[in-house]
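A short worksheet on the structure shown next.
Heads up: numbering here begins at 1 and tracks the sequence. Here the structure is a predicted model, which means the values were calculated and not measured.
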Amino acid sequence: MSRKSQKHRMHPLKKYLLLALVLILLSRFRPLIYFTGWHFPFTPHFTKSYVLLAPGETYTLSVGGFPATISCKSSVPLVAAVTPGGTVHALKSGKTVITAKLLGEGKKISCLVHVTNLNQTSLVLSVGETERLYIKGFFFGFGVKFKSGDNSVAKVSRTGKVTAVCKGNTTITATLKGKEFRCRVKVVD
């Protein structure tokens with residue numbers, strides 16, 4: 001075998017590690033890939049294929065493409081309940097698929113509902129102490145933007161690391177896909 005062909009061959013262990021990484025990423029984001037907003041024109045569909053909610057929130061799904069729905073149901077009612085008209089009530093963290101049966105055609109359409117929150121909704125820190133915030137289910141923080149209400153009390157990094165600076169109160173806001181999640185921070189001496 002020539003040196004040139006040996007140089008371009010990948011070590012077998014590297015191949016397996018690369019394959020494992022790809023499989024992990026695909027399994028982690030599979031629901032988001034499956035529930036895309038794309039559909040054929042004039043076909044029945046939910047106007048949103050993915051909805052992100054916090055526990056206690058409600059959201060009403062609307063159907064595009066002319067049909068009327070006759071019933072909606074949740075695949076995991078403990079995560080989010082849904083009324084026959086498509087109003088989703090987020091109950092606890094998790095994922096569920098809302099399926100609507102269409103009038104006349106017997107077809108079904110689906111929407112992925114992800115109910116989540118910050119890992120902490122309130123913190124008490126001493127000056128100089130740090131704590132990590134993240135949105136549950138999004139630990140690596142892709143697409144999450146963090147912001148402190150008052151950087152002189154507590155500052156937050158791009159990755160969610162909160163550092164207590166001075167005695168006082170502030171709110172850290174994490175934004176993902178236009179949805180805001182808040183954590184109250186109290187800094188003591």
- prompt: Quick check: does any side chain N or O of Ser75 sit under 3.5 Å from a backbone N or O of Val97, one acting as donor and the other as acceptor?
  reply: yes
Partners meeting side-chain contact (heavy atoms from CB on, under 4.5 Å) with Ser152 (sequence neighbours left out): Asp150
task: Could you list the residues that satisfy salt bridge (charged side-chain N to carboxylate O under 4.0 Å, His left out) with Glu129, not counting sequence neighbours?
output: none
query: For the atom pair NZ (Lys101) and SG (Cys72), what is the distance rounded to the nearest 0.5 Å?
result: 12.0 Å
task: Taking the side chain as every heavy atom from C-beta outward, state whether Val51 and Val88 have any atom pair closer than 4.5 Å.
output: no
field: Partner residues of Asn119 under the side-chain contact (heavy atoms from CB on, under 4.5 Å) criterion, sequence neighbours left out
entry: Leu133, Tyr134
- prompt: Once you round to the nearest 0.5 Å, how far does NZ of Lys108 lie from NZ of Lys73?
  reply: 6.0 Å
task: Apply salt bridge (charged side-chain N to carboxylate O under 4.0 Å, His left out) to Arg184 and list each qualifying residue two or more places apart in sequence or on a separate chain.
output: none
message: So, using side-chain hydrogen bond (donor to acceptor under 3.5 Å, both in side chains) as the criterion, who are the partners of Ser157 when residues are at least two apart?
response: Thr159
- request: Could I get the full list of side-chain contact (heavy atoms from CB on, under 4.5 Å) partners for Val79, not counting sequence neighbours?
  value: Val76, Thr96, Val115
- request: Mind checking the NZ-CD spacing from Lys161 to Glu131? Nearest 0.5 Å is all I need.
  value: 11.0 Å
- prompt: Any side-chain heavy atom of Val185 within less than 4.5 Å of one from Val153?
  reply: no
query: Does the side chain of Cys183 reach to within under 4.5 Å of the side chain of Thr121, using non-hydrogen atoms?
result: no
- line: What one should report as the nearest heavy-atom pair of Leu91 and Ala81 is CD1-N, 4.1 Å
- request: Please list all pairs passing the side-chain hydrogen bond (donor to acceptor under 3.5 Å, both in side chains) test where one or both residues lie in residues 164-174, with sequence neighbours left out.
  value: none
query: Rounded to the nearest 0.5 Å, how far does NZ of Lys155 lie from SG of Cys166?
result: 12.5 Å
Atom pair CD1 (Ile172) and CZ (Arg182), whose distance is rounded to the nearest 0.5 Å: 11.5 Å
- prompt: Tell me the salt bridge (charged side-chain N to carboxylate O under 4.0 Å, His left out) pairs involving residues 52-62, sequence neighbours left out?
  reply: Glu57-Lys179
- prompt: Listed by chain and number, what are the side-chain hydrogen bond (donor to acceptor under 3.5 Å, both in side chains) partners of Thr87, not counting sequence neighbours?
  reply: Thr60
Side chains of Asn151 and Val165 in contact at under 4.5 Å (non-hydrogen atoms): no
- prompt: Which distance, rounded to the nearest 0.5 Å, do you find between the NZ of Lys48 and the CG of Leu61?
  reply: 9.5 Å
query: What residues form a side-chain contact (heavy atoms from CB on, under 4.5 Å) with Leu176, not counting sequence neighbours?
result: Leu52, Ile135, Phe138, Val144
- request: Among Ile, Leu, Val, Met, Phe, Trp and Tyr joined by side-chain contacts under 4.5 Å, find the other residues sharing a cluster with Leu78 and list them by chain and number.
  value: none
